[in-house]
Undergrad: 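Got a structure here, written out as structure tokens. Questions coming.
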Amino acid sequence: MASPGVEWEMKLQEIFADLHIHIGRTQGNLPVKITAAKNMTFEAIIKEAFHRKGIQLIGIIDAQSPPVQEEIQAGLDKGLYREHPEGGITYGDTTCVLGAEIELKEGAGAFHVLVYLPGLEQMRELTAWLERYMKNVQLSTQRLRQSALALQEKVWEWGGLFIPAHVFTPFKSVYGNAAPRMEQLLDMKKVSAVELGLSSDSVLADQLSELAPFTFVTNSDAHSLPKIGREYNQLLVRDASFQELKRALAREGGRRVLANYGLNPKLGKYYRTRCLNCDELWPSSQIACCPHCGSPKKVKGVKDRIEEIADQPSSHPTHRPPYIYQVPLEFIPKLGPKTLDKLLQAFGTEMNVLHHAELEEIRQVAGAAIAHYIQLAREQRLALSEGGGGVYGKVDPLQKS
């Protein structure tokens, strides 16, 4: 007979999680995230994650908005959703953990953090507290007129999670905009995990020794439905719930992040330093002026910023899982909406297309060229052009092998 520990371990399962998704507007057309698509409602997002993406755990980080909370409550009352006993709102086999993206200003500039709470009751308590120190709690990513330490203390009080967001992005991030060390801004004992952002990976991030204790997460920061799951995490958990996510980030009881799936940083729109005058990439941000046009104006890239503040060669702690470069279907050349619909009709979800479907079956549905690109993506052999300064990198459409 297996020991109780082995029996418990056998109950754990692998799931996919994307924990940074924005709501554009409510179903009543009230604005939430101004820059997100209008069809990014709570209901549309959770249905997209379940039916088309195949993602079992999502994080909606605009749940502090009162009209969003009203829509969630209405869905619960109608039986469209149900509350998970261990936290989160469940639709089908997908659970949504409720979160908020909040802007703080300390150090040299402003930076964003993600907070997640067990359920709707605690989220309403957060909203009531935020309203005292925030201009418009209905809208996403608003400035909080309180210290980061005060926010961390409240999140801890409610049993929540506190995650610095896209930490290397040149705008509104801990390292990109506020300080060379996270410990200068935050209580490191009350940081639950660190979100890397689209232009970095664990090889780059592990050049900072202070990040070694933390679990890394890779999330989409989706502002439209197709971008859900462009970055995500593979978790080993008992089921998709808030408490199981909390245990996985803390690496407790066998739960953990098994893998981070993210864009190759070269595809990220802030990977390289780019000239604001002529749009050319700079070979190094240490150069005073653009070598192409002579302008001093630039957007510093994540790669260059990390080189400035790194205090060690890249060194992974033993708990660090593999970082697997993921090329979402939207980046595959010549894969348009009609072909995507055919693939989803044939294989169910985007996760199935990316990870499980046989290449010969993909070829029969979408053609040899697209099947070839998906094969190259799985094998990490796609040729890429680098992004920077707000412009995404691209997959080379002329690549043959």
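Here the structure is a predicted model, which means the values were calculated and not measured.
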Undergrad: I'd like to check Gln69 versus Leu120 (side-chain heavy atoms, cut-off strictly below 4.5 Å). Are they in contact?
TA: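 Counting from C-beta outward, Gln69 and Leu120 do come under 4.5 Å.
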Undergrad: Drop me the distance from Ile72's CD1 to Glu70's CD, to the nearest 0.5 angstrom.
TA: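 Ile72 atom CD1 to Glu70 atom CD measures 10.5 Å (nearest 0.5 Å).
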Undergrad: Have His20 and Glu231 got a donor and an acceptor in their side chains that come within less than 3.5 Å?
TA: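 On atom types as modelled, these side chains do not qualify, holding no pair under 3.5 Å.
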Undergrad: Just how far is it from atom CG of Leu98 to atom CD of Gln122, taken to the nearest 0.5 Å?
TA: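 The distance works out to 9.5 Å.
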Undergrad: Would one find more than 12 heavy atoms of other residues, nucleotides or ligands at under 6.0 Å from atom CG of Asp93?
TA: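 At most 12 heavy atoms, drawn from other residues, nucleotides or ligands, come within 6.0 Å of this atom.
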Undergrad: Whether Lys53 and Asp18 form a salt bridge (side-chain N of Lys/Arg under 4.0 Å from carboxylate O of Asp/Glu) is what I want to check.
TA: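 No, Asp18 and Lys53 are not salt-bridged.
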Undergrad: Using the benzene-type ring in the case of Trp, are the ring centres of His316 and Tyr323 under 6.0 Å apart?
TA: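 No, they do not, as the ring centres are separated by 6.0 Å or more.
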Undergrad: Measure the CG-CG distance between Leu235 and Leu258 for me, rounded to the nearest 0.5 Å.
TA: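 Leu235 CG to Leu258 CG: 7.5 Å, rounded to 0.5 Å.
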Undergrad: Looking only at non-hydrogen atoms, find the nearest pair between Pro164 and Val191 and report the distance.
TA: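 Nearest pair, atom of Pro164 first, then Val191: CD-CG1, 3.7 Å.
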Undergrad: Could you tell me whether the side chain of His355 reaches within less than 4.5 Å of the side chain of Gln234, counting heavy atoms only?
TA: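 They are not in contact (no side-chain heavy atoms under 4.5 Å apart), so the answer is no.
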Undergrad: Give the minimum heavy-atom separation between Glu183 and Glu210, together with the two atoms involved.
TA: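 It is N-OE1, 3.3 Å.
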Undergrad: What is the minimum heavy-atom distance between Asn260 and Pro321, and which atoms define it?
TA: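 Nearest heavy atoms, Asn260 then Pro321: OD1-CG, 3.8 Å.
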Undergrad: Measure the spacing between CD1 of Ile287 and CH2 of Trp282 and express it to the nearest 0.5 Å.
TA: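 With rounding to 0.5 Å, CD1 (Ile287) is 7.5 Å from CH2 (Trp282).
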Undergrad: Any side-chain donor paired with an acceptor under 3.5 Å for Thr41 and Glu71?
TA: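 There is no such pair (donor and acceptor under 3.5 Å, judged by atom type) between the side chains of Thr41 and Glu71.
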Undergrad: Regarding Lys227 and Glu330, does a basic nitrogen lie under 4.0 Å from an acidic carboxylate oxygen?
TA: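 Result for this pair is yes, salt bridge flagged.
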Undergrad: Give a yes or no on whether the backbone of Gln64 and the side-chain of Thr127 come within a donor-acceptor separation of less than 3.5 Å.
TA: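 Yes, Thr127 side chain to Gln64 backbone: donor-acceptor pair under 3.5 Å.
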Undergrad: Return yes if a side-chain donor-acceptor contact under 3.5 Å exists between Glu308 and Gln286, otherwise no.
TA: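 The answer is yes; a qualifying pair exists.
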Undergrad: Are the side chains of Glu350 and Arg230 in contact, using a 4.5 Å heavy-atom criterion?
TA: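 A side-chain contact is absent here, since even the closest heavy-atom pair is not under 4.5 Å.
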Undergrad: How long is the span from the CG atom in Leu359 to the CD atom in Gln375, to the nearest 0.5 Å?
TA: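 If we round to the nearest 0.5 Å, Leu359:CG and Gln375:CD are 5.0 Å apart.
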Undergrad: Please check if the side chain of Thr218 supplies one atom and the backbone of Tyr232 the other of a donor-acceptor pair under 3.5 Å.
TA: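 Yes, Thr218 side chain to Tyr232 backbone: donor-acceptor pair under 3.5 Å.
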Undergrad: Report yes if some heavy atom in the side chain of Arg181 is under 4.5 Å from a heavy atom in the side chain of Ile309; otherwise report no.
TA: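 The answer is yes; the side chains approach within 4.5 Å.
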Undergrad: Do you see a donor-acceptor pair shorter than 3.5 Å between the side chains of Asn219 and Glu195?
TA: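 Looking only at side-chain atoms, Glu195 and Asn219 do form a donor-acceptor pair, the distance falling under 3.5 Å.
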Undergrad: Find out whether Leu276 and Val299 are in side-chain contact, i.e. whether some heavy atom of one side chain is under 4.5 Å from a heavy atom of the other.
TA: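 Of all side-chain heavy-atom pairs linking Val299 with Leu276, at least one is under 4.5 Å.
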Undergrad: Backbone N or O of Leu249 within a donor-acceptor pair of the Thr215 side chain at under 3.5 Å?
TA: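 The answer is yes, because a donor-acceptor pair under 3.5 Å joins these two groups.
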Undergrad: Is atom CD of Glu358 surrounded by more than 12 heavy atoms (other residues, nucleotides or ligands) closer than 6.0 Å?
TA: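 Counting neighbours around CD of Glu358, 12 or fewer heavy atoms of other residues, nucleotides or ligands fall under 6.0 Å, so no.
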Undergrad: With a 6.0 Å cut-off (strictly less than), is the heavy-atom count around NZ of Lys394, excluding the residue itself, greater than 12?
TA: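 Counting other residues, nucleotides and ligands, NZ of Lys394 stays at 12 neighbours or fewer.
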Undergrad: Does the Lys NZ or Arg CZ of Arg320 fall within the cation-pi geometry relative to Phe216 - under 6.0 Å from the ring centre and within 45° of the axis?
TA: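 Judged by the rule, Arg320 and Phe216 form a cation-pi pair.
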Undergrad: Report yes if some heavy atom in the side chain of Arg52 is under 4.5 Å from a heavy atom in the side chain of Asp341; otherwise report no.
TA: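 Yes, at least one pair of side-chain atoms sits under 4.5 Å.
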Undergrad: Go through Glu157 and Lys154 one step at a time and tell me if the salt bridge (charged side-chain N to carboxylate O under 4.0 Å, His left out) criterion holds.
TA: CA-CA 5 Å; Glu157 178 183 319; Lys154 297 300 291 186; 3.6 Å; yes
Undergrad: Tell me if the aromatic rings of Tyr270 and Phe171 count as close, with their centers under 6.0 Å from one another.
TA: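 Yes: the rings meet the under 6.0 Å criterion.
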Undergrad: Is the shortest side-chain N to carboxylate O distance from Glu252 to Arg255 below 4.0 Å?
TA: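 Here Glu252 does not pair with Arg255 in a salt bridge, since their nearest N and O are not under 4.0 Å apart.
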Undergrad: I'd like to know whether Leu208 forms a side-chain contact (heavy atoms from CB on, under 4.5 Å) with Ile306, so could you lay out the CA-CA distance, the side-chain angles of the two residues, the decisive distance to 0.1 Å, and finally the verdict.
TA: CA-CA 8 Å; Leu208 279 76; Ile306 291 175; 4.2 Å; yes
Undergrad: Assess the side chains of Ser192 and Lys246: does a donor N or O sit below 3.5 Å from an acceptor N or O?
TA: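 Result is no, nothing qualifies.
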Undergrad: Identify the two heavy atoms, one from Ala36 and one from Gly24, that lie closest to each other, and give their separation to 0.1 Å.
TA: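 Heavy atoms only, the tightest pair is CB-CA, 3.6 Å.
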Undergrad: Run Thr95 and Gln56 through side-chain contact (heavy atoms from CB on, under 4.5 Å) and show every step you take.
TA: CA-CA 6 Å; Thr95 297; Gln56 294 89 352; over 6 Å; no
Undergrad: Any side-chain donor-acceptor pair under 3.5 Å between Tyr91 and Glu43?
TA: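 The criterion, which ignores hydrogens and geometry beyond distance, is not satisfied for Glu43 and Tyr91.
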Undergrad: Ser315 and Asp206: side-chain donor and acceptor closer than 3.5 Å?
TA: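 Distance-only check fails for Ser315 and Asp206.
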Undergrad: For the backbone of Arg251 and the side chain of Arg256, can you confirm whether one donor and one acceptor N or O come within less than 3.5 Å of each other?
TA: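 Such a contact is absent between Arg256 side chain and Arg251 backbone.
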Undergrad: So Arg305 and Val302, side-chain contact (heavy atoms from CB on, under 4.5 Å) or not? Walk me through it.
TA: CA-CA 5 Å; Arg305 176 56 174 165; Val302 166; 5.7 Å; no
Undergrad: Any sub-3.5 Å donor-acceptor pair from Tyr116's side-chain atoms to Leu245's backbone N or O?
TA: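 Checked: no pair found.
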Undergrad: Taking only residues two or more places apart in sequence, or in another chain, which ones meet Glu361 in a salt bridge (Lys or Arg N to Asp or Glu O under 4.0 Å)?
TA: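 Not a single residue meets the salt bridge (Lys or Arg N to Asp or Glu O under 4.0 Å) criterion with Glu361.
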Undergrad: Listed by chain and number, what are the side-chain contact (heavy atoms from CB on, under 4.5 Å) partners of Pro85, not counting sequence neighbours?
TA: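 If we apply the side-chain contact (heavy atoms from CB on, under 4.5 Å) test to Pro85, skipping adjacent residues, there are no hits.
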Undergrad: Should we count CD of Glu360 as having more than 12 external heavy atoms under 6.0 Å?
TA: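 Counting other residues, nucleotides and ligands, CD of Glu360 exceeds 12 neighbours.
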Undergrad: Please tell me if the side chains of Phe331 and Leu382 come closer than 4.5 Å, counting only heavy atoms from C-beta onward.
TA: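 No, their side chains stay 4.5 Å or more apart.
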Undergrad: Under the side-chain contact (heavy atoms from CB on, under 4.5 Å) rule, what do Thr26 and Val68 come out as? Steps first, then yes or no, please.
TA: CA-CA 6 Å; Thr26 68; Val68 170; 4.3 Å; yes
Undergrad: Taking the basic N atoms (NZ, or NE/NH1/NH2) and the acidic carboxylate oxygens, is any pair closer than 4.0 Å for Lys266 and Asp201?
TA: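 Looking at Asp201 together with Lys266, the answer is no, because their closest N to O distance does not fall below 4.0 Å.
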Undergrad: Could you tell me whether a side-chain N or O of Thr339 sits under 3.5 Å from a main-chain N or O of Leu335, the two making a donor and an acceptor?
TA: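 Judged by distance alone, no pair lies under 3.5 Å.
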Undergrad: Just checking, is any N or O donor in the side chain of His84 or Gln243 under 3.5 Å from an acceptor N or O on the other one?
TA: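 Not at all, the side chains of His84 and Gln243 share no donor-acceptor pair under 3.5 Å.
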Undergrad: If every non-hydrogen atom of Trp129 is compared with every non-hydrogen atom of Leu151, which pair is closest and at what distance?
TA: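 Trp129 and Leu151 have their closest heavy atoms at CZ3-CD1, 3.7 Å.
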Undergrad: Give a yes or no on whether a salt bridge exists between Glu101 and Lys172, defined as a side-chain N under 4.0 angstrom from a carboxylate O.
TA: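 Salt bridge between Glu101 and Lys172, a charged N being under 4.0 Å from a carboxylate O: no.
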Undergrad: Might you point out which heavy atoms bring Ile23 and Asp62 nearest each other, and give the distance in Å?
TA: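 Scanning both residues, the minimum pair turns out to be N-OD2, 2.8 Å.
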Undergrad: Below 4.5 Å, heavy atoms only, C-beta onward: do Leu384 and Val395 meet side chain to side chain?
TA: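 Yes, their side chains come closer than 4.5 Å.
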Undergrad: Within the distance-only criterion (no hydrogens, no angle test), does the side chain of Asn277 pair as donor or acceptor with the backbone N or O of Ser295 below 3.5 angstrom?
TA: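 No; judged by distance alone, with no hydrogens or angles, the pair does not exist.
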Undergrad: Does the side chain of Gln73 pick up a donor-acceptor pair with the side chain of Asp77 at under 3.5 Å?
TA: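 Yes - a donor-acceptor pair under 3.5 Å links their side chains.
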Undergrad: Does Trp158 offer a backbone N or O that forms a donor-acceptor pair with the side chain of Glu125 under 3.5 Å?
TA: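 Judged by distance alone, no pair lies under 3.5 Å.
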Undergrad: If you round to the nearest 0.5 Å, how far is CZ of Phe168 from CG of Leu204?
TA: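 Going from CG on Leu204 over to CZ on Phe168, the span is 7.5 Å.
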Undergrad: Return yes if some donor-acceptor pair links the side-chain N/O of Thr273 with the main-chain N/O of Lys300 below 3.5 Å, else return no.
TA: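 Between the backbone of Lys300 and the side chain of Thr273 there is no qualifying donor-acceptor contact (under 3.5 Å).
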Undergrad: Taking Ser202 for the side chain and Pro322 for the main chain, is one N or O donor matched with an acceptor at less than 3.5 Å?
TA: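 Side chain of Ser202 to backbone of Pro322, a donor-acceptor pair under 3.5 Å: no, none is there.
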